[in-house]
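In what follows, a single structure is set out as structure tokens and then discussed.
Letters A, B, ... are given to chains in the order of the sequence lines, protein chains preceding strands, and every chain is numbered from 1.
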Number of protein chains: 2
Amino acid sequence: MYIHTFALAMKLEQAIQSTKFKSEVHKAVLHILYTAWWLKTQSAKELKEFGLTHEQYNVLRILKGKYPEQMCVRDVASRMIEKNSNVPRIVDRLELKKLVERNTSQLDKRETVITITKEGIALLEASTLVMDERMSKQFQLPEEEAVTLNLLLEKIREIEE
Amino acid sequence: MYIHTFALAMKLEQAIQSTKFKSEVHKAVLHILYTAWWLKTQSAKELKEFGLTHEQYNVLRILKGKYPEQMCVRDVASRMIEKNSNVPRIVDRLELKKLVERNTSQLDKRETVITITKEGIALLEASTLVMDERMSKQFQLPEEEAVTLNLLLEKIREIEE
DNA sequence: AATAAATACGTGTATATACATTTAATTTGG
DNA sequence: CCAAATTAAATGTATATACACGTATTTATT
């Protein structure tokens, strides 16, 4: 008989070896930073077998979202999670691996249009399968609690003017 | 009359130009990554006037926590939020700025013990004042909601075995 | 139309992460 | 007690972030 077990997440206190926090809000800030690092590490592990980094995967996903339409660098950048991502340089690496193609736009020669190649799509689909599999299996958070989490995360970004 | 106003946080959908998410959990994952980036960007702005990066500030805080005790590189690393931080290299930069001192441990010559200098403490205290000021003013999240947020973040890291 | 301003992208530099390898010191096991 | 294993830190390399700056092109202004 197969028995499901759940590993208790390592408490933040253990993870960063600190027990005293100025407040729960302060702890939450550190917790968000730690959880983001943890999430990135988890996906990086999966993506490694496909020779992709987290950021390269993200760019491929963005391009696939518009496929077969092309996207210029600025459009890709506006959809990146980390807003200071240097998209031209990430595209450099994807181009070397022949996962995307880069061309000067004929409508506006300042723009570079990027297209995901067939190889890019194939690799993205294979890796997305694995990523989604993990996503659906790994996270034990019920949908309604995820809704709450999303609300709280929005609230923490509310700033006084 | 001074009137307090609160800027509504930019919705995740706007921030990353996406409207469709596979689920609320999937959205929450992207939301955590985005919020972590946003938080880091906010502190980086404050720390810039002190010539510190987020990571250098973090190392100084860790050293101050044990001061006047010394800490070895491994102990500092175990308290870092991002577990793959390359502490020797961050210490290189702090040493150049004379904010820390580095010596070989006499008890175990493999270890390097690091001490925060008086200049380091002064800079840390000045920057912490500004950082805490922002923290207490900026975040509009009530303590009890921060407790919930911390619980949910712990839950998302629960994994099936 | 000619010039100025703005825009898109690429590139340079400093810092950081991720991870493998090297070196020196210490611990362990025969 | 010594060889092997382990440990701590430093270092090398690839990738990414943060940000300034340069260049080409387009748009706006006079």
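Against DNA chain D, the stretch residues 103-112 of chain B makes heavy-atom approaches under 4.0 Å through B:Arg110, B:Glu111, B:Thr112. DNA chain D is contacted by A:Thr53, A:Glu55, A:Gln56 of residues 49-61 of chain A, taking any non-hydrogen atom closer than 4.0 Å.
Of all nucleotides in DNA chain C, those with any atom nearer than 4.0 Å to a heavy atom of chain A start and finish, going 5' to 3', at C:dT7 to C:dA20.
For B:Arg89, there are no salt bridge (charged side-chain N to carboxylate O under 4.0 Å, His left out) partners at least two apart in sequence or on another chain. For B:Glu101, the salt bridge (charged side-chain N to carboxylate O under 4.0 Å, His left out) criterion is met by no residue, not counting sequence neighbours. Not counting sequence neighbours, the partners of A:Tyr34 by the ring pair (Phe, Tyr, Trp, His ring centres under 6.0 Å) test are A:Trp37. Not counting sequence neighbours, B:Lys109 has no partner by the salt bridge (charged side-chain N to carboxylate O under 4.0 Å, His left out) test. Among residues two or more places apart in sequence or in another chain, the ring pair (Phe, Tyr, Trp, His ring centres under 6.0 Å) test is passed with B:Trp38 by none.
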Give me, pair by pair, the N or O atoms of the protein and of nucleotides 18-21 of chain D that are less than 3.5 Å apart, along with how far apart they are.
from: D:dA18; atom 1: OP2; to: A:Asn84; atom 2: ND2; distance (Å): 3.2
from: D:dA18; atom 1: OP2; to: B:Trp37; atom 2: NE1; distance (Å): 3.2
from: D:dA18; atom 1: N6; to: A:Arg89; atom 2: NH2; distance (Å): 3.0
from: D:dC19; atom 1: N4; to: A:Asn86; atom 2: ND2; distance (Å): 3.3

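Residue pairs that meet the side-chain hydrogen bond (donor to acceptor under 3.5 Å, both in side chains) test with at least one member in residues 76-86 of chain B, sequence neighbours left out, are B:Lys40-B:Glu82. Sorted by first then second residue, the salt bridge (charged side-chain N to carboxylate O under 4.0 Å, His left out) pairs that include residues 46-65 of chain B, not counting sequence neighbours, are B:Glu46-B:Arg134, B:Lys64-B:Glu125. Residue pairs meeting the salt bridge (charged side-chain N to carboxylate O under 4.0 Å, His left out) criterion with at least one member in residues 111-121 of chain B, sequence neighbours excluded: B:Arg74-B:Glu111.
Look at CD1 on B:Ile90: it is 14 Å from P on D:dA9, rounded to the nearest Å.
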